[in-house]
Visitor: 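I have a structure I would like to understand better, so I am pasting it below and will then ask my questions one at a time.
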Amino acid sequence: MKTHMRILVTGGAGFIGVHTVRRLVAEDVTVLVVDDRRHACGEALPPNVEVEAADLNSPATTEAVARFKPDAILHLAAQGGVSRSVRDPAGDAMVNVLGTVALLKASADAGCLRFVFASSGGAIYGRAAHLPTPERTAPKPLSPYGAAKLAAEGYLGMFALTFGLRALALRYSNVYGPFQDGTGEAGVVAITCERLLSGRPPEIRGDGHQTRDFVFVADVAEANLRALTSSVTGAINIGTGIATSVRTVVSELAAAADYSGPIEIVEGPPGEVRDTALDTRRARKLLGWVPSTPLRDGLRQTFTSFRERGRPATAHATSTPAGAAATPGRGPRAGSE
Ligand SMILES: NC(=O)c1ccc[n+]([C@@H]2O[C@H](COP(=O)([O-])OP(=O)(O)OC[C@H]3O[C@@H](n4cnc5c(N)ncnc54)[C@H](O)[C@@H]3O)[C@@H](O)[C@H]2O)c1
């Protein structure tokens, strides 16, 4: 990356954000994080990173963009829970649609033309006919979260056409790795690590033969860096293209923990998509990106990190958003899906 670049990262205190910000700082990039910390992962950011503790929809965020004058924006901040979006679609859209629109406007007003957005391959395509699913597949989201990501992508396209933004949506598959929220309703890797380390049997929701495309967070951070310095626009899938069953992932983690006890099988969520995997040939062609972490290595690294952290990964996840009163009953949030 070019040194002296200035990159603004929203959601930089979250799971993918912390990994990406650390990589950016290692490349000598000047980073401003905008994050209200409502779902911060609790890991420290490098000391030379400035943090604006603000909600996406607040004037403080717009002012931070104008003041910092970034060369590029990486927009990771989001309401990340699919089930939460079903319970509160308007609340989800407030963050994931309106927050994104406000940030796009601030970016255009500040003359920052490079905008990279964290979209979701898992949530946008719905029940795709083709696996691995290519970007040209017509999106058919099944949740408000997926619909909001799709709507935000629509705004990216509009800001590109009308205001000259070079906007790119990265459609991540199921990202896993150290510092992920293991207390939520998503993220089978983090949840299983938490259960194994707290002496509870691992749990499989559904028959366990449903498959997902698990991509390691360090590989996603690398994709983010490549995206920020490229001028590619449109949408690119970020995943492995490999469909792995939930049962396989849970067994691998159990082996990493030397656990040979029972695995609990519970009913899966209704309407769950059976299989997902993303076609990542566009990422290879346009960003020169390929995931480099084999699943077994990534799972072992993740389990080791959870163990060494020595505390629930999201004991901090109930923190109150900057400038907001504590919400009674909010509890640990669902992890990003
Ligand atoms: N983790 C995955 O598997 C996955 C998959 C597909 C897409 N994504 C997307 O990638 C992005 C990052 O995901 P993550 O897993 O790191 O999530 P995360 O919840 O760990 O991080 C999101 C961060 O955004 C902040 N935030 C939330 N709402 C905010 C608001 N209104 N104003 C300011 N800050 C706010 C939170 O405090 C948190 O630090 C999200 O956009 C998510 O939808 C994640």
Side-chain angles (χ1 to χ4, degrees), residues 8-21 33-43 45 51-58 60-62 64 74-82 84-85 91-103 116-125 141 143-146 148-150 152-153 169-184 186-191 212-217 219-221 223-224 227 235 237-239 276 278 302 313-314 316-324 332-337:
L8 187 146
V9 182
T10 72
F15 161 50
I16 298 171
V18 164
H19 287 276
T20 305
V21 170
V33 164
V34 174
D35 194 309
D36 69 2
R37 296 193 180 278
R38 73 179 68 190
H39 196 223
C41 75
E43 277 299 303
L45 288 164
V51 180
E52 178 72 44
D55 185 288
L56 282 176
N57 286 303
S58 72
T61 294
T62 307
L74 175 63
H75 178 34
L76 298 173
Q79 186 300 109
V82 171
R84 180 177 288 262
S85 82
D92 176 84
M94 182 73 78
V95 177
N96 292 352
V97 182
L98 296 185
T100 303
V101 175
L103 191 69
V116 177
F117 169 62
S119 188
S120 168
I124 273 202
Y125 296 120
S143 65
Y145 170 80
K149 290 289 186 189
L150 181 59
E153 284 196 18
L170 295 179
R171 295 177 176 169
Y172 305 148
S173 61
N174 288 64
V175 188
Y176 73 95
F179 320 149
Q180 190 168 23
D181 181 350
T183 62
V188 63
V189 174
I191 291 171
R212 296 290 177 264
D213 181 337
F214 294 95
V215 63
F216 192 53
V217 67
D219 290 327
V220 173
N224 290 339
N237 289 339
I238 297 297
T276 62
L278 302 181
T302 305
T314 49
H316 46 270
T318 52
S319 61
T320 307
R333 286 181 30 138
S336 290
E337 293 156 76

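We count ligands from 1, going down the list as the structure has it; atoms in each ligand are counted the same way. Here, residue 1 is the first one in the sequence, and each next residue gets the next number.
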Visitor: Would you say that Val9 contacts Val34 through its side chain, given a criterion of any heavy-atom pair below 4.5 Å between the two side chains?
Guide: no

Visitor: Do Leu8 and Glu52 come close enough that some side-chain heavy atom pair is under 4.5 Å?
Guide: no

Visitor: Output yes when the distance from some N or O of ligand 1 to some N or O of Val34 is under 3.5 Å, and no in every other case.
Guide: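 No, no N or O pair falls under 3.5 Å.
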
Visitor: Can you tell me how far apart CD (Glu153) and OG (Ser119) are? Round to the nearest 0.5 Å.
Guide: 3.5 Å

Visitor: Within a distance under 4.0 Å of any heavy atom of Gly14, pick out the atoms of ligand 1 and give their elements.
Guide: 20 (O), 21 (O), 38 (C), 39 (O)

Visitor: With a 4.0 Å cut-off on heavy atoms, is Cys41 touching ligand 1?
Guide: no

Visitor: Considering Ser173, Gly239, Gly122, which one's heavy-atom position lies nearest to atom 5 (C) of ligand 1?
Guide: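 Nearest option to atom 5 (C) of ligand 1, by heavy atoms: Ser173.
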
Visitor: Who gets closest to atom 34 (N) of ligand 1 by heavy atom: Asp55, Asp36, Asn174?
Guide: Asp36

Visitor: Rounded to the nearest 0.5 Å, how far apart are CZ of Phe179 and CD of Glu43?
Guide: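 That separation rounds to 4.0 Å.
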
Visitor: What's the spacing between Asp219 CG and Tyr172 OH if we round to 0.5 Å?
Guide: 12.0 Å

Visitor: Are a donor atom and an acceptor atom from the side chains of Asn224 and Thr20 found within less than 3.5 Å of each other?
Guide: yes

Visitor: Would you mind telling me if ligand 1 is within reach of the side chain of Val95, the backbone, both or neither, using heavy atoms under 4.0 Å?
Guide: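 Just the side chain.
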
Visitor: Within a strict 4.5 Å, meaning less than it, do heavy atoms of the Tyr125 and Arg171 side chains meet?
Guide: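 Yes, side chains in contact.
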
Visitor: Does even one non-hydrogen atom of Ala40 get within less than 4.0 Å of ligand 1?
Guide: yes

Visitor: For atom 27 (C) of ligand 1, which of Gly17, Gly11, Ala77, Ala78 has the closest heavy atom?
Guide: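 Minimum heavy-atom distance to atom 27 (C) of ligand 1 goes to Ala78.
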
Visitor: What I want to know is whether Tyr172 and ligand 1 share at least one N or O pair that is separated by under 3.5 angstrom.
Guide: no

Visitor: What distance do Asp92 atom CG and Tyr145 atom OH have between them, rounded to the nearest 0.5 Å?
Guide: 8.5 Å

Visitor: What do we get for Tyr145 next to ligand 1 when only non-hydrogen atoms under 4.0 Å count, side chain, backbone, both or neither?
Guide: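 Within the 4.0 Å criterion, Tyr145 contacts ligand 1 through side-chain atoms alone.
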
Visitor: Rounded at 0.5 Å granularity, tell me how far OG1 in Thr61 sits from CG in Asp36.
Guide: 8.0 Å

Visitor: My understanding is that we take every heavy atom of each candidate and find the minimum distance to atom 11 (C) of ligand 1. Doing that for Thr10, Thr20, Leu76, which one comes out nearest?
Guide: Leu76

Visitor: Considering the heavy atoms of Ala118, write down every atom of ligand 1 situated less than 4.0 Å from one of them.
Guide: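 Reading through ligand 1 atom by atom, the close ones are 9 (C), 10 (O), 11 (C), 41 (O).
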
Visitor: Ligand 1 versus Arg37, non-hydrogen atoms closer than 4.0 Å: side chain, backbone, both, neither?
Guide: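 It is the backbone that gets close, since no side chain atom is under 4.0 Å.
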
Visitor: Are any of the side-chain heavy atoms of Ser173 and Arg212 separated by less than 4.5 Å?
Guide: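 No, their side chains stay 4.5 Å or more apart.
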
Visitor: Counting only heavy atoms closer than 4.0 Å, does ligand 1 sit against the backbone of Ser119, its side chain, both, or neither?
Guide: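 The answer is the backbone.
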
Visitor: Quick check: Asp35 and ligand 1, any N/O pair under 3.5 Å apart?
Guide: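 For ligand 1, there is an N or O atom that lies under 3.5 Å from one belonging to Asp35.
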
Visitor: Using a 3.5 Å cut-off on N or O atoms only, is His75 in polar contact with ligand 1?
Guide: no

Visitor: Numbering the atoms of ligand 1 from 1, which are under 4.0 Å from a heavy atom of Ala54?
Guide: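 Answer, ordered by atom number: 32 (N), 33 (C).
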
Visitor: Output the distance between atom CG (Leu98) and atom CG (Leu103), rounded to the nearest 0.5 Å.
Guide: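 Answer rounded to 0.5 Å: 12.5 Å.
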
Visitor: Heavy-atom contact check, 4.0 Å cutoff: does Lys149 meet ligand 1?
Guide: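 Flag set, Lys149 near ligand 1.
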
